[in-house]
Chemist: 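Below you will find the structure I want to go over with you.
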Protein chains: 2
Amino acid sequence: MDDSFDLGQFLPYALNQAAEAASLGFQARYRQRYGMLRTEWRVLFHLGRHGDMTAKEICDRASLHKTKVSRAVHALEEKRFLRRTEQIHDRRHETLSLTPKGQAVYADLYKAARAYDAALSAQFTSQERDVLDRCLKKLAQS
Amino acid sequence: MDDSFDLGQFLPYALNQAAEAASLGFQARYRQRYGMLRTEWRVLFHLGRHGDMTAKEICDRASLHKTKVSRAVHALEEKRFLRRTEQIHDRRHETLSLTPKGQAVYADLYKAARAYDAALSAQFTSQERDVLDRCLKKLAQS
DNA sequence: TATTGTTAGTTACAAATCAAACTAATATCT
DNA sequence: AGATATTAGTTTGATTTGTAACTAACAATA
């Protein structure tokens, strides 16, 4: 019964420690440079990457709760990174689109994200990275 | 430049999604059954696993901030899962020890954790699990 | 033995998160 | 058309976290 099962071996714990450590470095970038929170970065990313969409679509794509998205959108709007337009045929929907300023920020963070990811990946072989990706995806689904 | 680098490929994001999903199921156990928070579970685990120690030692072992530990200790004390004893030779230190009740809870959660971990691991081959462990450990250090 | 520095742990306040209730617009059903 | 249900998004209040200042006990140095 007592064969050295420690927290380090417990997958949820190990995942959390890794996730926290991995987030830290990049977080510094959007926090310090643009005063953004994590959810704001995610929303910005989705808009920059996939073009205009409604808050609901972002919720679904990013699996974020609508209150989180709502607040992130407000914050990004205040920073003039995005603007919202009511849709004519259904006034419940608002299309969100990045302003030029928002696009510039996206471009910067996108590049930084790729670089950061590359740096993290550098410690693994490409096989390891493949396994890691596959495992993480499986875990995220279950 | 635009070769489909999506958030899913971004390691910090993938790690967070996986970590969140993996935590959920187990969280339900200590939350619903014992009204515990994550930090409380970690503190309980360390005490159950490694025997009496001070809050500071828990901070170091679990890499948790002292305020978090302080609050968790209070909460566990209120639930009568642990008690504290001032050390005679240095009254700044208090030794924390689980009560019988706390030990019972630890035993239950320990078993549950192992089972949960086994269930998660079941979706991987043992090679995959090895790679995963190794990668997560590396990431946690950097 | 004062003075200054360190360490363990707590408290207090601000920021962030979560859940649930709410508003306004549209859809559906009778 | 009128009542009821859904949907997009917001607001609110309670819980949780993070940061920094604080207290009390001990150590070190002069």
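All chains are named by letter (A, B, ...) in the order of the sequence lines, taking the proteins before the strands, and each is independently numbered beginning at 1.
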Chemist: Applying a 4.0 Å non-hydrogen cut-off, can you work out what Arg38(B) is touching in the nucleic acid: base, sugar-phosphate, or nothing?
Modeler: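 The answer is nothing, as Arg38(B) stays clear of every strand by at least 4.0 Å.
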Chemist: Let me know the distance between CZ of Arg42(A) and P of dT17(C), rounded to the nearest Å.
Modeler: 11 Å
Chemist: Does dA24(C) have OP1 or OP2 sitting under 4.0 Å from an N or O in the side chain of Arg92(A)?
Modeler: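 Answer no for this pair, as no side-chain N or O of Arg92(A) is under 4.0 Å from OP1 or OP2.
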Chemist: Find the distance Glu86(B):CD to dT7(C):C1' and express it as a whole number of Å.
Modeler: 15 Å
Chemist: For the residue pair Glu94(A) / Thr54(A), report whether a side-chain donor-acceptor contact shorter than 3.5 Å exists.
Modeler: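 No.
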Chemist: At under 4.0 Å, does any side-chain N or O of His74(B) touch on OP1 or OP2 of dT10(C)?
Modeler: yes
Chemist: Under 4.0 Å from any heavy atom of chain A: name the first and the last nucleotide of DNA chain D that qualifies, 5' to 3'.
Modeler: dT6(D) to dT12(D)
Chemist: Could you tell me how the ring of Tyr30(A) sits relative to the ring of Trp41(A): parallel (under 30°), tilted (30 to 60°) or perpendicular (over 60°)?
Modeler: parallel
Chemist: Keeping Asp6(B) on the side-chain end and Gly8(B) on the backbone end, is there a donor-acceptor pair under 3.5 Å?
Modeler: no
Chemist: Of Arg84(B) and Thr39(A), whose nearest nucleotide on DNA chain C comes first from the 5' end?
Modeler: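 The answer here is Arg84(B).
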Chemist: Please answer: with hydrophobic residues joined when any side-chain heavy atoms are less than 4.5 Å apart, are Leu136(A) and Leu24(A) in the same cluster?
Modeler: no
Chemist: Measuring centre to centre across the rings, with the benzene-like ring taken for any Trp, is Phe10(A) within less than 6.0 Å of Phe26(B)?
Modeler: yes
Chemist: Any chance CD of Glu77(B) has more than 12 other-residue heavy atoms, nucleotides or ligands included, within less than 6.0 Å?
Modeler: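 Count over threshold, so yes.
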Chemist: Tracing side-chain links under 4.5 Å among I, L, V, M, F, W and Y, which residues wind up in one group with Val131(A)?
Modeler: Val131(B)
Chemist: For DNA chain D, which residues in residues 56-73 of chain A have a heavy atom at a distance below 4.0 Å?
Modeler: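 Hits under 4.0 Å, by residue number: Lys56(A), Lys66(A), Thr67(A), Ser70(A), Arg71(A).
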Chemist: Output the rounded distance in Å from CZ (Arg91(A)) to P (dT26(C)).
Modeler: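 From Arg91(A) CZ to dT26(C) P: 5 Å.
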Chemist: Can you tell me if Arg129(B) and Ser121(B) form a side-chain donor-acceptor pair at under 3.5 Å?
Modeler: yes
Chemist: Quick check: on DNA chain C, is the nucleotide nearest Ile88(A) upstream (toward 5') of the one nearest Thr54(B), or the reverse? Name the residue that is more 5'.
Modeler: Thr54(B)
Chemist: Are any side-chain N or O atoms of Lys138(B) and backbone N or O atoms of Gln123(A), one a donor and one an acceptor, separated by less than 3.5 Å?
Modeler: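 Side chain of Lys138(B) to backbone of Gln123(A): a pair is present.
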